[in-house]
Amino acid sequence: MGLNVEGSDKDKYEILMELAKRRGFFWPSFEIYGGVSGFYDLGPLGTLLKENIRKLWLEYFVVKHADLVVPVETPMITPEIVFKASGHLESFTDPIVQCLRCGRVFRADKLIEEATGMNVEGLKPGELTQIIKERGIKCPVCGGELSEVRLFNLLFQTYIGPYKRDIGYLRPEAAQGMFTSFKRVFTVARTSLPLGIAQIGRVARNEISPRQGMIRLREFTIMEMEFFYDPEDPGLPPFGKFGGKLNILTAEQRLKGDEKPATYGVEEAVREGIVKNPWLAYWMAVAKEFVKELGVGEAETFFEEKLPEERAHYATQTFDQLVRVSRWGWVEVSGHAYRGNYDLSQHIKYSGQDLTVFKGFEKARVVKTLQVKVNKSVIGRLFKHDAPKVIEELGNVDPAEVKRALDNGAKFLELGPFKVPTEAIRIEEIEKKITGRRFVPHVVEPSFGAERLVYVSLDKSLVREGDRVYLRLPPKIAPVKVAVFPLLSREPFRERAYRLYSSITASGIMAFFDDSGSIGRRYARADEIGIPYAITVDHQTLEDGTVTVRNRDTREQIRLEEVQVIGWLRKNLEVNLVDLKMGEVK
RNA sequence: GCGGCGGUCGUCUAGCCUGGUCUAGGACGCCGGCCCCCCAAGCCGGCGAUCCCGGGUUCAAAUCCCGGCCGCCGCACCA
């Protein structure tokens, strides 16, 4: 026994980590140099597993919603202006102080708020330092002197090109790429809302002190969608496609100390105002189904509403999707944020570009409005070189007010320093045809961490049955789909089995050939990395051309004709084998 | 970032307290061979360890001391 599990109550996590390293799912990066925390390599099996999870995500969020969602890919390195606009430069940072005696680090603003009751939100580090000095605030733990307040920003900084002034950052989320490319994608997608823009890509966050192995990384793959819609006409999500029940723990419950999520129908959650937005709820339902395919049961996941102070600066309602794993308890695998029009509005402001959407009315509306007509020749003669300024000012005044002034017989209109004679102005009622309206779309965002899902799927699938340790990975995401063995390693078994193996890989199905050791050992090796099916070429194969196919989870065998194998696999690899009761760890 | 504990073949571990007998032992794995076998059987042979890194003490360091890195736990932090 290589695993030393017999008779031990060894933590499942440790068995999993050991298996992950030994068989090549993942391990800490840069090990030969001692390692750096927050970074993990994916090994051969981990790479395949993650690829399958990516594909599954794409299937759920893009392919199954091809009429609503399109994919993009945008750079990791992002110029500074983007994060100025998005607020990350300012808000992705915490003011911290360190105790000069015991070394403990504290959030400076929180410390002052606790000590003095002052609201110091938004103050600069210097101002916070000042307050700490003036109020004589000391380390709350040891009473030691505190350092100057400094800002710690979680963005990784770099330079773009040779000029030090061209600062760039590694993106901490993929979202900004969808916002900065929104105008073009929207056009490409033939200018219709609602529209989801999805992206799978790497992001980086300079975490202060990452822990929890694969759960909290400094660089990871995010699978994210920004779903844009018209806030006045959001459209109806296809609840018939993905609906069902959601387990939700509301912020209100949490404030009352209630920790038990309640179950709602998706539409009910919207109707009751639990989830403030139908699309947010819809994508949560899709998320639940997606995560279920990774082997997570309905009872093992719920959505936790974040409290206002827990939310990101851009969000007005956020739910985290939590999944229970063996070592870490409830772990966040996805975030569902209602970002309103915050991001697009910010980019409109900073870029000066028009990122609004035009939506035509079914019938053009005719609206009567008042307009100020200016006799420019009078203004020109009167104000000479100030005339353009005056004309501009006149364009800004409210026509209704001007009309009132004129009706009251006013002789002049006072515009700052300028006195404009009313003869130069008249009010006209004009008819305007309004064919539609412009607005900034609102956004809901479901966002997943791919490596966390890799970890979750392994944690959920690891089964211990006495000495037998294996992965009950759902066939859809299993890195290797089928193992092919000759019962005996000599000819003609070997040759026959290898030929079958070759035809399977040639058909695009990931397979594994093994002829070393006893047949039982080979089954065990295959089970340990979660290969769902094992095919054996035996004596009977030589007589009638049939092979045995063994099911990893039940160890049952059936016989199939060799020529049927690929078709049979195609069909059976699509089946979701995971029966959650069976998946329980003994 | 702080405090506690830890880091030895691919993996798990013995040794460390009480320095030398450790060119570091075992198990499993892996590779080759035998066996020709349907659930980790057995036999033979082989590969495999900068004892986390750096410095110090000592005639002598896996072992003692200091610093660093990494991991776990607690505190803090966490979009």
Side-chain angles (χ1 to χ4, degrees), chain A residues 1-6 8 10-11 13-15 17-24 27-39 86-88 91-94 96-99 101-107 110-111 139-142 144 147 152 154-155 172-173 175 203 205-213 215-216 218 222 224 306 310-315 318 320 327-328 332 335 337 339 445 447 449 466-470 485-491 493-494 515-528 534-540 547-548 550 552 555-557:
Chain A
M1 276 303 310
L3 292 166
N4 295 330
V5 268
E6 72 281 0
S8 80
K10 198 165 169 184
D11 192 354
Y13 170 82
E14 279 173 16
I15 293 171
M17 293 309 276
E18 185 261 317
L19 190 150
K21 266 196 260 183
R22 191 166 43 78
R23 298 304 306 269
W27 52 74
S29 300
F30 315 117
E31 273 181 309
I32 61 166
Y33 289 106
V36 183
S37 71
F39 298 93
S86 72
H88 284 87
S91 306
F92 201 51
T93 169
D94 288 328
I96 55 176
V97 270
Q98 184 162 18
C99 171
R101 191 198 292 169
C102 72
R104 269 173 251 262
V105 173
F106 305 93
R107 276 278 292 270
K110 289 270 160 64
L111 196 65
C139 172
V141 176
C142 78
S147 72
F152 184 80
L154 272 59
L155 294 172
E173 57 171 8
V203 299
R205 305 173 177 187
N206 199 5
E207 300 285 352
I208 293 169
S209 151
R211 289 276 174 81
Q212 308 171 62
I215 299 295
R216 194 137 155 244
R218 285 187 165 124
I222 211 164
E224 203 162 54
K306 304 319 283 179
E310 294 172 336
R311 288 195 301 250
H313 59 276
Y314 47 71
T318 301
D320 279 350
R327 170 76 155 241
W328 312 112
E332 174 198 330
R339 298 177 77 132
E445 172 203 77
S447 167
D467 281 355
R468 187 157 105 110
V469 172
Y470 67 105
F485 308 139
L487 181 63
L488 307 179
S489 58
R490 63 173 160 80
E491 302 303 350
F493 299 98
R494 211 197 100 88
D515 65 349
S516 87
S518 73
I519 190 73
R521 183 192 297 273
R522 283 177 268 159
Y523 284 142
R525 275 200 282 256
D527 293 345
E528 197 184 25
I535 294 174
T536 301
V537 167
D538 60 11
H539 298 95
Q540 198 180 325
V547 294
T548 65
R550 168 188 176 272
R552 173 196 66 202
R555 305 204 222 178
E556 282 163 352
Q557 289 189 332

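Just so it is clear, the structure is predicted and the values come from calculations on it, not from any experiment. Note on naming: letters A, B, ... go to the chains in the order of the sequence lines (proteins, then strands), and numbering restarts at 1 for each one.
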Original post:
Out of curiosity, A/I519 CD1 to A/S489 OG, how far, rounded to the nearest 0.5 Å?
Top reply: 10.0 Å
Original post:
Which nucleotide in the set B/C31, B/A41, B/C38 lies at the smallest distance from any side-chain heavy atom of A/S516?
Top reply: B/C31
Subject >> Complementary nucleotide for B/C35 - Watson-Crick or wobble, under 3.5 Å >> reply: none
**OP:** Determine the contact category for A/D527: base if any of its heavy atoms lies under 4.0 Å from a base atom, sugar-phosphate if only primed atoms, P, OP1 or OP2 are that close, otherwise nothing.
**Re:** nothing
**OP:** Write down the distance separating the P atoms in B/U11 and B/G48, rounded off to the nearest Å.
**Re:** 16 Å
**OP:** Identify whether NZ of Lys or CZ of Arg in A/R550 sits under 6.0 Å from the centre of the six-membered ring of A/Y523 and within 45° of that ring's axis.
**Re:** yes
Subject >> Polar side-chain contact A/Y33-B/C53 base: donor and acceptor under 3.5 Å >> reply: no
Subject >> Counterpart base for B/G19, defined by Watson-Crick or G-U wobble contacts under 3.5 Å >> reply: none
Original post:
Just checking A/R327: base, sugar-phosphate only, or nothing, at a heavy-atom cut-off of under 4.0 Å?
Top reply: sugar-phosphate
**OP:** Considering only atom C1', compute the distance from B/C34 to B/A41 and round it to an integer number of Å.
**Re:** 14 Å
Subject >> Spacing of A/L19 atom CG relative to B/C12 atom C1', expressed in whole Å >> reply: 13 Å
Subject >> Rounded distance in Å between the C1' positions of B/A60 and B/U23 >> reply: 15 Å
Original post:
Taking 4.0 angstrom as the limit, do A/E528 and A/R22 come out as a salt bridge?
Top reply: yes
Original post:
According to the Watson-Crick and G-U wobble definitions, with both distances under 3.5 Å, which nucleotide is paired to B/U57?
Top reply: none
Original post:
How would you label the contact of A/W328 with the nucleic acid (heavy atoms, under 4.0 Å): base, sugar-phosphate, or nothing?
Top reply: sugar-phosphate
Could you list all N or O pairs between the protein and nucleotides 35-37 of chain B that sit under 3.5 Å apart?
unit_1, atom_1, unit_2, atom_2, d
B/C36, O2', A/R490, NE, 3.4
B/C36, O2', A/R490, NH2, 3.0
B/C36, N3, A/S489, OG, 3.3
B/C36, N4, A/S489, OG, 3.2

Original post:
With both distances under 3.5 angstrom, what nucleotide forms a Watson-Crick or G-U wobble pair with B/A62?
Top reply: none
Subject >> OP1 or OP2 of B/C69 under 4.0 Å from side-chain N/O of A/S37 >> reply: no
Original post:
Ignoring hydrogens and angles, are the base of B/C38 and the side chain of A/Q557 linked by a donor-acceptor pair under 3.5 Å?
Top reply: yes
Original post:
For B/A40, does OP1 or OP2 lie under 4.0 Å from any side-chain N or O of A/R525?
Top reply: no
**OP:** Assign A/E556 to base, sugar-phosphate, or nothing according to its heavy-atom contacts below 4.0 angstrom with the strands shown.
**Re:** nothing
**OP:** Decide yes or no, distance alone: a donor-acceptor N/O pair under 3.5 angstrom between the base of B/C39 and the side-chain of A/R550.
**Re:** yes
Original post:
How is A/T548 classified with respect to the nucleic acid when contacts are heavy atoms under 4.0 Å: base, sugar-phosphate, or nothing?
Top reply: base
**OP:** Could you check whether A/G213 gets within reach of a base, just the sugar-phosphate, or nothing at all, counting any heavy atom under 4.0 Å?
**Re:** sugar-phosphate
Original post:
In terms of side-chain heavy atoms, does A/S29 have a donor or acceptor partner in A/R218 at a distance below 3.5 Å?
Top reply: no
**OP:** With heavy atoms under 4.0 Å as the rule, sort A/P28 into base, sugar-phosphate or nothing.
**Re:** nothing
Original post:
If we take the P atom in both B/A62 and B/G7, what is their distance in whole Å?
Top reply: 15 Å
Subject >> Side-chain donor/acceptor of A/R468 to backbone N/O of A/A524, under 3.5 Å >> reply: no
**OP:** Please list, chain by chain and in numerical order, all residues satisfying side chain to side chain donor-acceptor pair (under 3.5 Å) with A/R311, sequence neighbours excluded.
**Re:** none
**OP:** State whether A/R555 places a side-chain N or O below 4.0 Å from either non-bridging phosphate oxygen (OP1 or OP2) of B/C38.
**Re:** no
Subject >> Pairing partner of B/G25 (Watson-Crick or G-U wobble, both distances under 3.5 Å) >> reply: B/U13
Original post:
Watson-Crick or G-U wobble partner for B/G46, using a 3.5 Å limit on both distances?
Top reply: B/C30
**OP:** Using the P atom on both, measure B/G25 against B/A14 and round to a whole Å.
**Re:** 16 Å
Subject >> Pairwise distance CG(A/D538) to OG1(A/T548) - rounded to 0.5 angstrom >> reply: 5.5 Å
Original post:
If you measure from the C1' atom in B/C70 to the same atom in B/C30, how many Å do you get, rounded?
Top reply: 27 Å
Original post:
P atom, B/C73 versus B/C22: distance in rounded Å?
Top reply: 37 Å
Original post:
Does B/G74 have a Watson-Crick or wobble mate here (both distances under 3.5 Å), and if so which one?
Top reply: B/C2
Subject >> Residues that A/R339 engages under salt bridge (charged side-chain N to carboxylate O under 4.0 Å, His left out), provided they are two or more places apart >> reply: A/E173, A/D343, A/E445
Original post:
Using atom C1' of each nucleotide, how far apart are B/C35 and B/C52 to the nearest Å?
Top reply: 42 Å
Original post:
Donor-acceptor pair, A/R205 side chain versus A/L154 backbone, under 3.5 Å?
Top reply: no
